[in-house]
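Inspection log for the structure reproduced underneath, given as structure tokens.
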Amino acid sequence: MKVLIADEVDSLATSKLRAAGFEVTEDFDITPDELKVAIKDYDVLVVRSRTKVTKTIIEAGIKLKLIGRVGVGLDNIDAKAAEEAKIKVVNTPQMSTVAVAELVMAMMLCLVRSVHLANESIKKGLWEKKRFIGSELNGKVLGVVGFGRIGRAVAERAKAFNMSILVYDVVVDEATLKRLNAERAATVEEVVMRSDIVTIHVPLMPETTHMFDSKLISSFKRGACLINASRGEVVDTKALTDALKSGKLAGAALDVLEHEPPVEPQELDLVRMPNVIVTPHIGAQTREAQVVGAIAIAENIINAFRTL
Ligand code: NAD
């Protein structure tokens, strides 16, 4: 079986697959056009989020039997086209949970204490002690939209900071709600109206695309903050920029954007605002997560071929 790894994955995946008898090619910088040509020779395609597995790629993959996605979101894979072509899709949903949750905590602390701005200021030779009066997470309400693996992991960590947790999800795990003494909101509007900080952890789907539009953002508490480490398309960039400019929102922290890297003038405007903290989609970028993901994808591929 021939495997093409088209995005950067820890070499543990390659060594485990080779040890199991797979012939593996790594081409981490392959372009969409090159992939369209190369894919015809492979039984398995492994990607992260960079490579878009479109209908065209799937149709060109005449031998393709399996697509492995190292990570959680399957929004870069045309699942319908894969199903029609009888190609199985496997992912590694557990790998990024802790990594993303810890990044969200870092963002939350930076938002309330302006660590990034204080660091920048002192490097310019300034000593602006009076400028940097922040606020505390202690006693604040954290709204968690999407209470799956990552949402729950963030809530657990926020609980240790003595925050109150308010949750909105289409299905809610009552046992975890109870364990964290978290409250369930009836609607997403209720979460944004009552929270000091809102963190988004829903998958990208038609129902969640621009879920945070100008209407929902207008319902936020004045001076609240928004964190998005889910998918850029869940938040309407223009609506968010307007809310930050008007002071409706005090700040935002974004690990994901509608275009990565940002290209639209509106997005460039957003990422340059001082009250916006941005990171280049690094939620899963910890050494630990990379190792877990590489081992998990290799095992999932090996197991899938036992049942295919
Ligand atoms: P998950 O599937 O465990 O949780 C998602 C939750 O969202 C589920 O509980 C689901 O019921 C809920 N949900 C779905 N539709 C909803 C809606 N319309 N309204 C409210 N809730 C809804 O997934 P996860 O592992 O927690 O990951 C969440 C998302 O985070 C992923 O889908 C991915 O897009 C993103 N992610 C980002 C990074 C990063 O690098 N920043 C890394 C991993 C995952």
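Numbers here are sequence positions counted from 1. When a ligand or atom number is given, it counts from 1 through the structure's own listing order. What you see is a predicted model, and the numbers here were worked out from it, not measured in a lab.
Lys55 and Glu59 are joined by a salt bridge, as a carboxylate oxygen and a charged side-chain nitrogen come within less than 4.0 angstrom of each other. With respect to Arg18 and Glu23, no salt bridge is recorded, no charged nitrogen being found less than 4.0 Å from a carboxylate O. Glu156 and Arg152 are not joined by a salt bridge, as no carboxylate oxygen comes within less than 4.0 angstrom of a charged side-chain nitrogen. Here Arg50 pairs with Asp7 in a salt bridge; the nearest charged N to carboxylate O distance falls below 4.0 Å.
In Glu128, the CD atom is crowded: over 12 heavy atoms of neighbouring residues, nucleotides or ligands sit closer than 6.0 Å. Crowding of Lys36 atom NZ: a count of heavy atoms from other residues, nucleotides or ligands under 6.0 Å not exceeding 12. Within a 6.0 Å radius of CD in Glu189, other residues, nucleotides and ligands contribute more than 12 heavy atoms. For Phe161, the CZ atom sits in a loose shell: 12 or fewer heavy atoms of surrounding residues, nucleotides or ligands are nearer than 6.0 Å.
In summary, the atoms of ligand 1 found under 4.0 Å from a heavy atom of Tyr168, numbered by their order in the structure, are 19 (N), 20 (C). Listed by number with element, the atoms of ligand 1 under 4.0 Å from a non-hydrogen atom of Ala284 are 40 (O). Counting the atoms of ligand 1 from 1 in the order shown, those under 4.0 Å from a heavy atom of Gly283 are 39 (C), 40 (O), 41 (N).
Nearest to atom 1 (P) of ligand 1 among the protein's heavy atoms is Arg149 NH2, 3.6 Å. At the top of the distance list for atom 14 (C) of ligand 1, counting protein heavy atoms only, stands Pro203 CD, 3.5 Å. Looking from atom 11 (O) of ligand 1 to the surrounding protein, the closest heavy atom is Asp169 OD1, 2.6 Å. For atom 29 (C) of ligand 1, the closest heavy atom belonging to the protein is Val202 O, 3.8 Å. Protein heavy atom at the shortest distance from atom 16 (C) of ligand 1 is Val170 CG2, 3.7 Å. Nearest protein neighbour of atom 26 (O) of ligand 1, counting heavy atoms only, is Ile150 N, 2.8 Å. In this structure, atom 40 (O) of ligand 1 lies nearest to the protein heavy atom His281 CD2, 3.1 Å. Residue, atom and distance of the protein heavy atom nearest to atom 28 (C) of ligand 1 are His201 O, 3.5 Å.
Heavy-atom distances between Met205 and ligand 1 reach below 4.0 Å in at least one pair. Residue contact annotation: Ser230 has a non-hydrogen atom under 4.0 Å from ligand 1. The shortest heavy-atom distance from Met211 to ligand 1 is under 4.0 Å. The closest approach between a heavy atom of Val171 and any atom of ligand 1 is below 4.0 Å. Using a 4.0 Å heavy-atom cutoff, Val145 is absent from the residues neighbouring ligand 1.
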Problem set entry | Audit row: His259, Gln266, side chain to side chain donor-acceptor pair (under 3.5 Å) steps and yes/no | CA-CA 11 Å; His259 299 97; Gln266 187 82 52; over 6 Å; no
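Judged by distance alone, the side chains of Thr209 and Glu233 never bring a donor and an acceptor atom under 3.5 Å apart. Between the side chains of Glu26 and Thr14, a donor-acceptor pair is found at a separation under 3.5 Å.
Residue contacts with ligand 1 for Ser96 involve side-chain atoms from C-beta outward but no N, CA, C or O (heavy atoms, distance under 4.0 Å). The proximity of Arg231 to ligand 1, defined as any non-hydrogen pair under 4.0 Å, is limited to the side chain. Of the heavy atoms in Thr208, only side-chain atoms (C-beta onward) come closer than 4.0 Å to ligand 1.
By the 4.5 Å heavy-atom criterion applied to side chains, Phe212 and Asn228 are not counted as neighbours. Contact check for Met108 versus Leu137: side-chain heavy atoms found under the 4.5 Å cut-off.
Considering backbone and side-chain N/O atoms, Asp75 never comes within less than 3.5 Å of an N/O atom of ligand 1. By the 3.5 Å distance cut-off applied to N or O atoms, Leu204 is not counted among the residues near ligand 1. Ligand 1 has no nitrogen or oxygen under 3.5 angstrom from a nitrogen or oxygen of Val72.
If you check each of Val144, Leu254, Val100 against atom 38 (C) of ligand 1, the one with the closest non-hydrogen atom is Val100.
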